[in-house]
There are 2 protein chains.
Amino acid sequence: MTTRDPQATALARLAALFADETRAACLLALLDGRAWTASELARHAGVAASTLSEHLGRLVAGGLLAEERQGRHRYVRLADTRVAQLVEDLAAQVSPGAAVRPRNLRESSAGSAMARGRTCYDHLAGRLGIAVTDALTARGLLEQETGFALTDAGLAWFASAGIGLERRGRRPLARACLDWTERRPHLAGVAGAALCRHALDTGWCVRIGSERAVKVTAAGERALWDLLGVEAVALR
Amino acid sequence: MTTRDPQATALARLAALFADETRAACLLALLDGRAWTASELARHAGVAASTLSEHLGRLVAGGLLAEERQGRHRYVRLADTRVAQLVEDLAAQVSPGAAVRPRNLRESSAGSAMARGRTCYDHLAGRLGIAVTDALTARGLLEQETGFALTDAGLAWFASAGIGLERRGRRPLARACLDWTERRPHLAGVAGAALCRHALDTGWCVRIGSERAVKVTAAGERALWDLLGVEAVALR
DNA sequence: CGGACACTTCGGCGGTGGCCGAACCGTCCG
DNA sequence: CGGACGGTTCGGCCACCGCCGAAGTGTCCG
């Protein structure tokens, strides 16, 4: 054993957690921001429960997942927003290669629902996320020319819409998350999370199926038009 | 062979490229933005030339490295800014665990030089990068409260300092890069790269040693004070 | 109390991949 | 032209790791 760069060791160790298809499938599934049980993930990934148990052990030990035991269930979720961002970054990097034709109608319709609108950990993504981000930018509420930040008008808009923006810790108020279907940045960070939570709480969107896909309701279409000038056609 | 999520497959395949200590050491070394020869990297990583040759083959095939053959040399560098950003993101994630005491004076002095100032692919990092970023923010040239973007005054400052900001492709003008020694964001993106190039071109900084570390010159201290009010003491 | 269920541990199997040294191929240069 | 040198290919070795099924532990519920 020779003496090596500790940073390289740590980097390799972290990457190794992602470098398995089963674990990668789990991390992507957990991008929906919810807590999954071990058996749900085993079914999702298509491996035996015993196999998945070991994977979860590694992911938790590596700090990527937080676990919560409830009775005979083991719930896991992504440890924090830093981890979620890392999964997003990696997923965005590989998306061009993942642009594969759907093999059947079921995958096709599920895929297009995801492309239309979904959550990305704790904020809106897909065409819905892009449409909202573009609308914010067009109205001068979000600055994208010289970086990525809310403007003063943007802060006022959130306040007037009744969406609170409480900064917790060091998490940035606004940050760009690269969408892996649209290949364009959309709003993440505290503001993205608050907007998504508000959209789900007030019924602008509802989750469909058990995955991350969301659907804009009639009330949501009206609200997005009134508040941001988003045309319903942009969401389809 | 069961049918699996193609995105998970792609993600695992990408992560596998990082999931080896030798390859990780190469990628971190290449964060200096320069092109290295295969034998330089072999020496750096402490493995046989034959071993490293295979690693380079994988990294190039995976799209992480670009290669250029010149005579009997094989030069490699990070493929593009997207890859560099990914390496940075991963490195930043592991830095807390990598905070290991240096084992001897040589490592210690090299480490503190790196902590004082270095390049991070194509922009300034370390205390130097933080000091510049903080100064830009304090003077209202960079907005960090509501995101991360240059202000109008910031654009004017770059113009008046004679630092051109040409947008190429989709690369953002300003973006935050998390520093792995300081644990704080510093200026990256087009503006960060332009500033770094200008600093090296005009002699504000010079590279020291063969690594990424840079040192602020007397002229640089004066310029940073005059243009941004950075106190020399903040750079030590 | 007993059976169903969620999860874990263990042993064993097979594939992958990192490593080296030896041999080989080009290029460079005296 | 010949030796030095950078890089590559190949064969063989070994460690690691993902997988499963079987057996075991703890929880829930009728």
| query | How does each nucleotide of nucleotides 20-30 of chain D score, in 5' to 3' order, for protein heavy atoms under 4.0 Å: base (B), sugar-phosphate only (S), or none (-)? | reply | BBB----BS--

Who pairs with [X] by salt bridge (Lys or Arg N to Asp or Glu O under 4.0 Å), at least two apart in sequence or on another chain?
X        : value
A:Glu40  : none
A:Glu54  : none
A:Arg167 : B:Glu145

| task | For residues 55-68 of chain A, pull every pair meeting salt bridge (charged side-chain N to carboxylate O under 4.0 Å, His left out), keeping only residues two or more places apart or in separate chains. | result | A:Glu67-A:Arg69, A:Glu67-A:Arg74, A:Glu68-A:Arg77

Atom-pair distance ([atom1] on [X]; [atom2] on [N]), nearest Å:
X       : N      : atom1 : atom2 : value
A:Arg69 : C:dC5  : CZ    : P     : 21 Å
B:Leu17 : C:dG18 : CG    : C1'   : 14 Å
B:Glu68 : D:dG7  : CD    : P     : 14 Å
B:Phe18 : C:dG18 : CZ    : C1'   : 18 Å
B:Glu67 : D:dT8  : CD    : C1'   : 12 Å
A:Leu52 : D:dC19 : CG    : P     : 9 Å
A:Glu21 : D:dC17 : CD    : P     : 18 Å

With the threshold set at 4.0 Å, does a side-chain nitrogen-carboxylate oxygen contact exist between [X] and [Y]?
X       : Y        : answer
B:Arg13 : A:Asp20  : no
B:Glu88 : B:Arg175 : yes
B:Asp80 : B:Arg82  : no

| query | Which part of the nucleic acid, if any, lies within reach of B:Arg43 when heavy atoms closer than 4.0 Å are counted: base, sugar-phosphate only, or nothing? | reply | nothing

| query | Do A:Arg184 and A:Thr133 have side-chain atoms, one donor and one acceptor, less than 3.5 Å apart? | reply | no

| request: May I ask you to evaluate whether B:Arg74 reaches the phosphate of D:dT8, defined as a side-chain N or O under 4.0 Å from OP1 or OP2? | output: yes

| Relative to the 5' end of DNA chain D, which residue comes earlier, A:Ala16 or B:Leu56, by the nucleotide with the nearest heavy atom? | B:Leu56

Contact list (N/O, under 3.5 angstrom) for nucleotides 12-17 of chain C vs protein:
none

| query | Hey, what's the ring geometry for B:His186 with B:His123, parallel, tilted or perpendicular (30° and 60° as the breaks)? | reply | tilted

